[in-house]
Amino acid sequence: MKNIVILGSTGSIGMQTIDILDSIDAKVCAISVNTNIVRAEQQARQLHPSVVAVYNEEKAKELKMKLADTDIRVVSGMDGLIEAATFPEADVVVTAVVGMVGLLPTLAAIDAGKDIALANKETLVCAGQIVMKRAREKGIAILPVDSEHSAIFQCLQGAAGNRLSRILLTASGGPFFGMSREQMRHVTKEQALHHPNWSMGAKITIDSASMMNKGLELIEAMWLYDVEPDDIDIVVHRESIVHSAVEFEDGSVIAQMGNPDMRLPIQYALTYPERLPCKVPPVDLPRRHSLTFFAPDEEAFPTLGLARRAAAARGNLGAVMNGANEAAVALFLQDRIPFYRIPELVKEAMDAVDYMPDIRVEDVLESDCAAREIVHSLIR
């Protein structure tokens, strides 16, 4: 039996991880949540973890009272997340929290010798050079949970020592595929939250609508697979059946296909290198009739150019871009800015924050804060 920690257990990835537990013979020894105390109590009573970490201090007090009749420890804040991530009996930590909050617990888990099932994009976007170096030094496996990075990882199992030529990173195109930049000046929050293929949390769904999600994944792929950003092509694939592909020097392309269901890549990350029966139904290709592919419109979706700029620069620019984007998306979801302002605010923050080529964890955190402050100052 594998002992796992789920950071972000009440979110989309966390709940889907719990859904596949009975397929993989795993026990949850710790979970973390932010504010959803009703669901956290349900999960605690269902899973019987030793520890529940609640990032929000006030909500932690509330959950502690609700679980007073159990022997489950409730801890809080960043220290609580780190305690959960480093739980002694854990074999692997599923990092499914959204945002920069995932960085310090992930680094702590690596230092504690835990393998990482990585679903938290921001960890590598903001501090990829730090995280991957630390993982190599500690001999820790970083197993991707994102469907695209899982696909690349799976395709590379057939590399047989041959050198990668290109990564073909697929994108659904989101709800605004085919729209011009001018047309997107008038889109609504309801439209942006309506993804054509995937069921995800609000933040990731908005990132998909702006295609920032794909920009973040480009930076992730650069660090995960040790490639240059120019060796990663983004390909819009509306059906979300081909989850990504790799091309070798002879021109051969190996792709991974499956239904758009996150339970499959989550399960593979937790059972690798084994493949076990999965709840996700197989793809019925004859019913699909055709699969289509398009080049992305980088004029309509300027987030892609911003992400390539951050990838090429490395240093602290990924943290600046990500922090500004998180702040801008939150403002959009609060109806305080229109959709088209998201990439504009991100660019302004990237232009304003001092660039640092060599970074420590402290620099990443400071750059993130500086970017958020700039975004908020621009809308006052």
Side-chain angles (χ1 to χ4, degrees), residues 1-37 39-56 59-60 63-64 67 70-124 127 131 134-135 138-146 150 201 262-263 265-272:
M1 179 175 288
K2 187 169 284 188
N3 292 318
I4 68 172
V5 172
I6 306 174
L7 301 182
S9 64
T10 59
S12 174
I13 297 295
M15 290 192 296
Q16 290 177 88
T17 302
I18 292 168
D19 187 52
I20 59 143
L21 290 176
D22 57 354
S23 302
I24 64 172
D25 191 25
K27 180 183 186 311
V28 175
C29 50
I31 62 175
S32 88
V33 304
N34 185 14
T35 59
N36 192 335
I37 297 307
R39 189 172 288 164
E41 182 185 4
Q42 293 169 348
Q43 291 179 346
R45 294 186 183 280
Q46 172 194 350
L47 301 170
H48 307 292
S50 297
V51 173
V52 178
V54 184
Y55 189 57
N56 182 288
K59 294 291 184 180
L63 184 63
K64 197 167 188 174
L67 294 177
T70 74
D71 60 355
I72 298 170
R73 290 186 62 240
V74 177
V75 294
S76 62
M78 181 54 70
D79 288 344
L81 262 66
I82 290 172
E83 182 175 339
T86 57
F87 191 80
E89 283 75 31
D91 302 303
V92 60
V93 177
V94 180
T95 59
V97 293
V98 177
M100 269 286 288
V101 70
L103 175 58
L104 294 180
T106 300
L107 286 171
I110 290 171
D111 287 340
K114 316 299 182 187
D115 287 335
I116 306 296
L118 185 69
N120 174 253
K121 292 178 173 61
E122 295 80 5
T123 292
L124 292 187
V131 173
R134 188 87 59 92
K138 298 287 184 178
I140 295 303
I142 305 289
L143 301 162
V145 167
D146 267 348
S150 176
M262 284 302 300
R263 291 176 296 178
I266 293 167
Q267 179 169 308
Y268 188 65
L270 292 174
T271 63
Y272 172 79

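All residue numbers in this chain count up from 1 along the given sequence. Since we're looking at a predicted model, the values are computed, not measured.
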Enquirer: Could Arg73 and Glu83 be called an ion pair, given the rule that one side-chain N must be under 4.0 Å from one carboxylate O?
Expert: yes
Enquirer: Examine distances only and state if a side-chain atom of Ser32 and a backbone atom of Gly8 form a donor-acceptor pair shorter than 3.5 Å.
Expert: yes
Enquirer: Would you find a donor on one side and an acceptor on the other, under 3.5 Å apart, between the side chain of Asp115 and the backbone of Ala141?
Expert: yes
Enquirer: Answer yes or no: is there a donor N or O on one side and an acceptor on the other, between the side chain of Asp91 and the main chain of Asn3, under 3.5 Å?
Expert: yes
Enquirer: Under 3.5 Å, side chain of Lys114 to main-chain N/O of Pro88, donor-acceptor pair present?
Expert: yes
Enquirer: Which atom pair, heavy atoms only, marks the closest approach of Leu63 to Ala40?
Expert: CD2-CB, 4.2 Å
Enquirer: Has the side chain of Glu122 got a donor or acceptor atom that lies under 3.5 Å from a matching backbone atom of Gly99?
Expert: yes
Enquirer: Is there a donor-acceptor pair closer than 3.5 Å between any side-chain N or O of Asn120 and the backbone N or O of Val97?
Expert: yes
Enquirer: What is the minimum heavy-atom distance between Ile72 and Ala44, and which atoms define it?
Expert: CD1-O, 3.6 Å
Enquirer: Is it the case that the side chain of Asn36 and the backbone of Thr10 share a donor-acceptor pair, with hydrogens and angles ignored and the cut-off at 3.5 Å?
Expert: no
Enquirer: State whether the side chain of Gln16 and the backbone N or O of Ser12 hold a donor-acceptor pair below 3.5 Å, judged by distance alone.
Expert: yes
Enquirer: So which atom in Ile18 and which in Ser9 form the shortest heavy-atom distance, rounded to 0.1 Å?
Expert: CD1-O, 4.0 Å
Enquirer: Might you work through the side-chain contact (heavy atoms from CB on, under 4.5 Å) test for Lys27 and His48, ending with a clear yes or no?
Expert: CA-CA 9 Å; Lys27 180 183 186 311; His48 307 292; 5.7 Å; no
Enquirer: CD1 of Ile110 to CZ of Arg134: how many Å apart, nearest 0.5 Å?
Expert: 7.0 Å
